[in-house]
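Since the structure comes first, as C-alpha cells, the remarks are kept for the end.
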Amino acid sequence: MSPIFIVIIVVLAVLAVLDLVVGVSNDAVNFLNSALGCKVARRNVILTVAAVGIMIGVVTSNGMMEVARNGVFHPGMFTFAEIMTLFVGIMLTDVILLNTFNSLGLPTSTTVSLVFELLGSALAVSIFKIWNSPDISFAEIGNYINAGKALVIISGILSSVVIAFTVGAILMYISRIIFSFKYAQSLRRYGAIWCGFSIVGIVYFAIFKGMKSSGLITPEFTHMVNDNIIVSLLVIWVGASIILRVMQRFGVNIMKFTILSGTFALALAFAGNDLVNFIGVPMAGIDSYAIALESGNTEMLMTQLAEPAHVNVWLLVLSGIIMATTLFLSRDAMKVAETQINLSSQNDEDERFGSSRISRAMVNTAININRIYNTIIPKSIQERINRRFEADENADKSISYDAIRAIVNLTAASSLICLGTSLKLPLSTTYVIFMVAMGSSLADRAWGRDSAVYRITGVMVVIMGWFLTGLAGITLSFIVGILLCWGGWISLVALVLLCGYILCHNMIFKKKAKKTVVAQPLIKSGDAERDTLYSCTQEVCSTMEQISSIYNHMLVALFTENRRLLKETTTQSEELYHMANERKYHIIKTLKQLEDQKVETGHFYIQVVDYLTEVTKALLHCTRPAYEHIENRHKGFTQEQIYDLKVVNDGVDAIFNKINSMLRNKNFSDLNEVLEMRDQLFVRIADAIKNQLHRLKEEHVSTKASVLYLNILNETKTMVLQSRNLIKSQGYFLDKVEKRDAQEALSSEAE
C-alpha cells in the first residue's frame, strides 16, 4: 500500500484532535450558557458538571457514526483512494471553517457544517471520477451523492429558527407572569411543581435524545414509553415534583439543582449526538484503511462502510477527555458563549453589533404594535402585567439574567429537541438553543428601547452565519476535494501547510497581536477627592503626552508620505478614542457607585471624560483622513502647506508642553498664559487658512490635499480648544478642594 495513505491517516488523526478542540469551543455555548448566564454556581463547578455529562455522552455515541460513513454519499460507488481523498478534504475544511466562526465569536451548527462538507467533497470526487471515466455520464451523479439531504438541513434551519423563538418567548412570558422578578415567595409555594415540569423535559431529553443510540436502552423500552408517552411524562412529573419538594424542605436550592441537571443533560446529548461531527470522518477513514489493508486491494469499492460502525471505546473515552479539557482551557468557547449572553442580557451591556435598516424597521413596527396594544388592553390589566416585569432592585447586577429564565431556556430547548426527534424533524441543537434564548430574552423585556436595534442586528448576523456555514462548507470542501483529486500528494502537502498556517495565525499570532485595551474608571466609590483628582490628573497627563506625540508623528509621516507610520498613528489614536468613549459610555454606571457627598467629584468626572473624548476625537479626525489620503496615493502637500503646518505644530507643541507641566506640578496659575498661547495659535491657523485660499487659484494645488489640509487645521483648533477647557476644569476643582480643606482645618483648630 502506498505510503501516501499512511500520511493521510496521520493527517486525519491530527485533524480529528484539532476538530474536537474547535468544535467543542463552538458548541460549548449549547450547554453552558444557561448556567453561565445566571451564574448558578462557580464557573469551575459548571464546567465540571458539563465535563461529566460529556464523558458519559461520548460512550453512548457509537451508534451515530454512520452519518459520516454513509449519511450523505453512497460509499459503494467510491474506491478506497477516492474515499480517503474525500475524507481528508472534509476534515481540512471543517477545522478551518469552525475555527473561523470561533474567532468571530459566532455560534454555528457543527452538524450543518459536516453534512454540507460531506456533500461538497463527495460532489468534487464524483465529478472528477465521472470526468475521467468515458463510460459514465454526469446524469448518473445522483448514484454517488444524496442531494436531498441538503434540502432537509435547510428546512431544519428555517423550522428551528421560527419554532424555537416562538416557544421560548411564550414560555418565558408565562413563567414571568407566574413568578415575576421577585420570585422567592412564589417559588416556595409551587416552585417544586414548576421545576418538576422542567425536569420532565430534561430527563426525557437526556434518555431518549442523548442515550438512544448507546444500547443501554432497549428498543422495547423505547417503544413502550413512546406508546404511552402521556402517562410516562406524567409519572416523571409527579415523581420529580415530590422529590424536589422534599429537597426544598431540607433547604436545597431546587432551581440550582434543575439548572445543573439541565446542563448535564445537554452536555450528555451533545457528546452523544455531535461527537460524530468531529471524529466521525477520521474514524471512517481509519476503518477504510483497515478494510483496504486486509483485502490488499486499494482499488476496491468501499461497500463495507455501509455496515454499522463499531468504534473502539477507548478512542471514545480519549475524545471525551480532549473535549472536557477544552472546556476548561479554551478562550474561544467563552468568547462564543459571551455572544449569546450579551444578546440576551437583562443589564446594560457594551453592544457588540451595530444597528441596521432592518433592525430599525422591526423596532418601529414593534413600537406601533405596542401602541395598538395600549389602546385595546385596559389600563388596569396593563399595570398588573407590568408589575410582574418590574426588576428586583436588590438583585445581583453581575448576572446577565436570573434562574427563572435559565430554567425556561433549558426546558424549552430540551423539550423541542426531543419533540423534533420523535417527529423526525431535522431540528439543529445549536439553532434551537440559541433561538430559545433570544425568544425568552425578548419576552422578558431584556430588549429595551436602548438595546433592541443592536440585539436584533446581532441575531440576524448569527442567523446569516448559519446559512453561510452551509454555503461555505459545500464550496470550500468542493474546492479542496478538486485540488486533492487533481494535485495528489503535492496538493495534500500544500493544503495541510495552509491549514496549519491559518490555525497558527488565528490561535497564536493574532491573539498576541490583538490586545484589547479596557478602559478603567478614573474614579472609584471608595476614593477620596484628592485621590480622584490625582488619578484623573495622571490619566489626563498621560493622554496629553500621547496626543502630542501622535500628532507630531502624523505630520512627519504626512510630509514624508510614510504610509506605515501613518497607519500606526491612526491605530494609536483609535485606541485613545476607544478608551475615552468607553468611559463616556459607562459614565452613568460609575456615577451611581459614588457616595452622595461626592457630587462635586461626579461633576468634575463628567467634565474630564467629556473633554478627553472630544480631544481624542479631534485627533482621530486628523490621523484617519491623513492615512486614507496617503493610502489612496493622492498628491502630497506642497512646500508652502508643509511650512504652515510646521508653524502650527510648533504652537501646538508649546501649548501641550505647558499643559503637561502644569499637570505634573499641580500648579494651574499659568492658565491665562495658556489662553494667550491658544489665541496666538488660532491666529496662526487663521493665517494658514488664508494662505491656502490664495493658493487655491494655482493650478498645481491638489484638491484632495487642500481638503485634508483645511481639515487638519480645523481639527487642530478643536483639539487645542478642548484641551484648554480640560486644564481649566481641573484647576477650578483643585482650587475648590484646597479651599474646603483650609476651612475644615480652621474649624478643627477653633474646636
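When reading the values below, keep in mind they use all heavy atoms of this one structure, side chains included, and skip hydrogens, waters and symmetry mates. Residues: numbered from 1 along the sequence shown.
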In Å and rounded to the nearest 0.5 Å, what is the [atom1] to [atom2] distance from [X] to [Y]?
{"X": "Trp447", "Y": "Gln346", "atom1": "CH2", "atom2": "CD", "result": "12.5 Å"}
{"X": "Ser359", "Y": "Arg455", "atom1": "OG", "atom2": "CZ", "result": "13.0 Å"}
{"X": "Ile54", "Y": "Leu327", "atom1": "CD1", "atom2": "CG", "result": "4.0 Å"}
{"X": "Leu329", "Y": "Ile322", "atom1": "CG", "atom2": "CD1", "result": "12.0 Å"}
{"X": "Leu36", "Y": "Ile46", "atom1": "CG", "atom2": "CD1", "result": "4.5 Å"}
{"X": "Ser175", "Y": "Met172", "atom1": "OG", "atom2": "CE", "result": "5.5 Å"}

Check whether any side-chain N or O of [X] sits under 3.5 Å from a backbone N or O of [Y] as a donor-acceptor pair, and report yes or no.
{"X": "Thr613", "Y": "Val609", "value": "yes"}
{"X": "Gln382", "Y": "Ile377", "value": "yes"}
{"X": "Asn581", "Y": "Tyr577", "value": "no"}
{"X": "Ser186", "Y": "Tyr183", "value": "no"}
{"X": "Arg405", "Y": "Asp444", "value": "no"}
{"X": "Trp237", "Y": "Ile193", "value": "yes"}
{"X": "Thr375", "Y": "Ile372", "value": "yes"}
{"X": "Asn374", "Y": "Asn370", "value": "yes"}
{"X": "Ser440", "Y": "Ala437", "value": "yes"}

Sequence neighbours excluded - side-chain hydrogen bond (donor to acceptor under 3.5 Å, both in side chains) pairs with any residue from residues 251-267: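 Listed by first then second residue: nothing to list.
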Determine the sole option in Val246, Leu244, Ile407, Ile199 for which the side-chain contact (heavy atoms from CB on, under 4.5 Å) test with Ile254 is passed.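 The option that passes is Leu244.
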Where do Leu442 and Met438 land on the side-chain contact (heavy atoms from CB on, under 4.5 Å) test, with the steps shown first? CA-CA 6 Å; Leu442 174 64; Met438 296 303 102; over 6 Å; no
Between Asp402 and Arg176, is there a side-chain N and carboxylate O pair less than 4.0 Å apart?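 Yes, charged N to carboxylate O under 4.0 Å.
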[Y] side chain reached by [X] side chain, heavy atoms, under 4.5 Å:
{"X": "Phe434", "Y": "Leu343", "result": "yes"}
{"X": "Phe165", "Y": "Val459", "result": "no"}
{"X": "Asp94", "Y": "Ser113", "result": "yes"}
{"X": "Asn386", "Y": "Arg445", "result": "yes"}
{"X": "Ile259", "Y": "Cys38", "result": "yes"}
{"X": "Leu171", "Y": "Thr411", "result": "no"}
{"X": "Thr543", "Y": "Thr616", "result": "yes"}
{"X": "Ile463", "Y": "Met435", "result": "yes"}

Please report the closest heavy-atom contact between [X] and [Y], naming both atoms and the distance.
{"X": "Ser241", "Y": "Gly196", "answer": "OG-CA, 3.8 Å"}
{"X": "Ile178", "Y": "Arg388", "answer": "O-NH2, 2.8 Å"}
{"X": "Ile433", "Y": "Leu266", "answer": "CD1-CD2, 4.1 Å"}
{"X": "Ser451", "Y": "Ala446", "answer": "OG-O, 3.6 Å"}
{"X": "Ala324", "Y": "Ala51", "answer": "CB-CB, 3.8 Å"}
{"X": "Ser344", "Y": "Tyr401", "answer": "OG-CE2, 3.6 Å"}

How far apart are the C-alpha atoms of Ser573 and Arg624, what are their side-chain angles, what is the distance that settles it, and do they pass the side-chain contact (heavy atoms from CB on, under 4.5 Å) test? CA-CA 9 Å; Ser573 61; Arg624 186 179 288 167; over 6 Å; no
Run the numbers on Leu620 and Leu576 for side-chain contact (heavy atoms from CB on, under 4.5 Å), then give the verdict. CA-CA 9 Å; Leu620 181 60; Leu576 280 180; over 6 Å; no
With a sphere of 6.0 Å drawn around [atom1] of [X], does it hold more than 12 non-hydrogen atoms of other residues, nucleotides or ligands?
{"X": "Met247", "atom1": "CE", "answer": "yes"}
{"X": "Ile358", "atom1": "CD1", "answer": "no"}
{"X": "Phe181", "atom1": "CZ", "answer": "yes"}

Asn33 vs Ile341, side-chain contact (heavy atoms from CB on, under 4.5 Å): CA-CA, chis, key distance, verdict: CA-CA 7 Å; Asn33 269 23; Ile341 293 175; 3.8 Å; yes
Kindly write out the residues that satisfy side chain to side chain contact (heavy atoms under 4.5 Å, CB included) with Glu390, not counting sequence neighbours, or none if the list is empty.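 Side chain to side chain contact (heavy atoms under 4.5 Å, CB included) list for Glu390, sorted by chain: Arg387.
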side-chain hydrogen bond (donor to acceptor under 3.5 Å, both in side chains) between Gln248 and Arg245, intermediate numbers included: CA-CA 5 Å; Gln248 196 173 26; Arg245 185 63 175 176; 3.2 Å; yes
Which pairs, with at least one residue in residues 361-398 and sequence neighbours excluded, count as a ring-ring contact (aromatic ring centres under 6.0 Å, His included)?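 Every ring-ring contact (aromatic ring centres under 6.0 Å, His included) pair that includes a residue of residues 361-398, provided the two are not neighbours, is Tyr173-Phe389.
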